[in-house]
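Below you'll find the structure, written out as structure tokens, and then a few comments.
Remember, predicted model here, so these are calculated numbers, not experimental data. Every number for a ligand or one of its atoms is a count from 1 in the order of the listing. The chain is numbered in sequence order, starting from 1.
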Amino acid sequence: MKIITTIKEMHEYSADCRRNGKSIGFVPTMGALHEGHLSLIRASDAENDITIVSIFVNPTQFGANEDLDKYPRTLDRDTELSAESGADVIFAPTAAEMYGANYATYINVESLTQGLCGKSRPTHFRGVTTVVAKLFNIVSPRRAYFGQKDAQQLAVISKMVADLNMSVEIIPCPIVRELDGLAMSSRNMYLTPAEREQATILYEALTAAQILITAGETDAAIIKEKIASILNTKNLATIDYVEIVDFATFHEIETIKPPTLIALAVKFGNTRLIDNLIINEVQKP
Ligand code: PAF
């Protein structure tokens with residue numbers, strides 16, 4: 001496994017790959033890898049000659065009172081897991097390498113970023129798109145792999161790629177869940193045992209929503225109410241949002257009309273978990 005920490009070396013490596021006709025698949029991460037990330041690495045390994053995984057806890061996507069300092073940093077283990085899953089290169093720059101002195105350029109996708117996580121974390125997506133654009137410029141991948149758990153992030157990055165004519169194909173990959181349904185996330189490790197036990201409620205609420213929709217319910221208010229009432233059965237859960245939006249525009253909708261995104265953010269203590277369900281079809285009466 002090759003570990004690269006400078007932008008100059010990464011540029012040279014990627015140029016060499018292209019000169020030799022090798023396709024690069026890219027998996028951007030903030031480390032603390034879990035099975036969700038590893039599924040992205042495997043998908044990239046299956047479709048590309050070379051798989052590059054970036055491990056960079058990106059300061060610009062964390063708000064002032066968020067968990068930047070305590071975000072888990074486990075580079076040795078991440079390197080091992082990436083190698084086992086088929087990665088060829090780890091790109092692990094420092095923050096100073098990525099954002100030199102007097103850094104001043106940011107990318108802001110103006111639609112899609114106002115609601116859901118953008119409402120609770122107003123500077124988050126600007127940080128994500130900025131770092132992902134920089135990483136795309138540094139790595140020059142043919143394909144890049146993102147998990148659907150971060151459905152809004154995936155939509156925002158796809159929009160940036162389309163609007164800025166970037167020549168990378170964005171590949172969405174399914175949510176990977178624990179056996180009890182909790183969507184995998186690096187932040188799950190912050191949960192206390194009691195919070196972890198209650199955290200399965202996100203999946204239970206989404207499953208109940210799916211059952212309602214399959215039975216023919218299309219009224220978004222009724223579905224939202226059902227989800228909220230299920231989430232509220234857990235005393236350690238505080239709802240940040242329950243939203244039902246058009247999956248193309250991220251505008252709130254009153255009637256389910258595929259493609260629809262049902263998205264949740266729920267706090268357990270200081271740990272904020274997100275999960276979602278994408279409705280691609282509704283039951284015909
Ligand atoms: O999803 C993440 O882990 C991060 O937002 C990303 C895409 C690696 C950018 O820092």
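- A salt bridge links Arg196 with Asp180: the closest approach of a Lys/Arg side-chain nitrogen to an acidic carboxylate oxygen falls below 4.0 angstrom.
- For ligand 1, the atoms closer than 4.0 angstrom to any heavy atom of Val131 are 9 (C), 10 (O).
- The distance between the ring centers of Tyr71 and Phe62 falls below 6.0 angstrom.
- Of the polar atoms of Thr29, none of the N or O atoms is found under 3.5 Å from an N or O of ligand 1, judged by distance alone.
- Annotation: side chain of Leu206 is not in contact with side chain of Gln210 (no heavy-atom distance under 4.5 Å).
- For atom 10 (O) of ligand 1, the closest non-hydrogen atom of the protein is Gln61 OE1, 2.6 Å.
- When hydrogens are left out, the protein atom nearest atom 7 (C) of ligand 1 is Gln153 NE2, 3.6 Å; that is the closest non-hydrogen contact.
- With Tyr190 as the aromatic partner, Lys70 meets the cation-pi criteria of under 6.0 angstrom to the ring centre and within 45 degrees of the ring axis.
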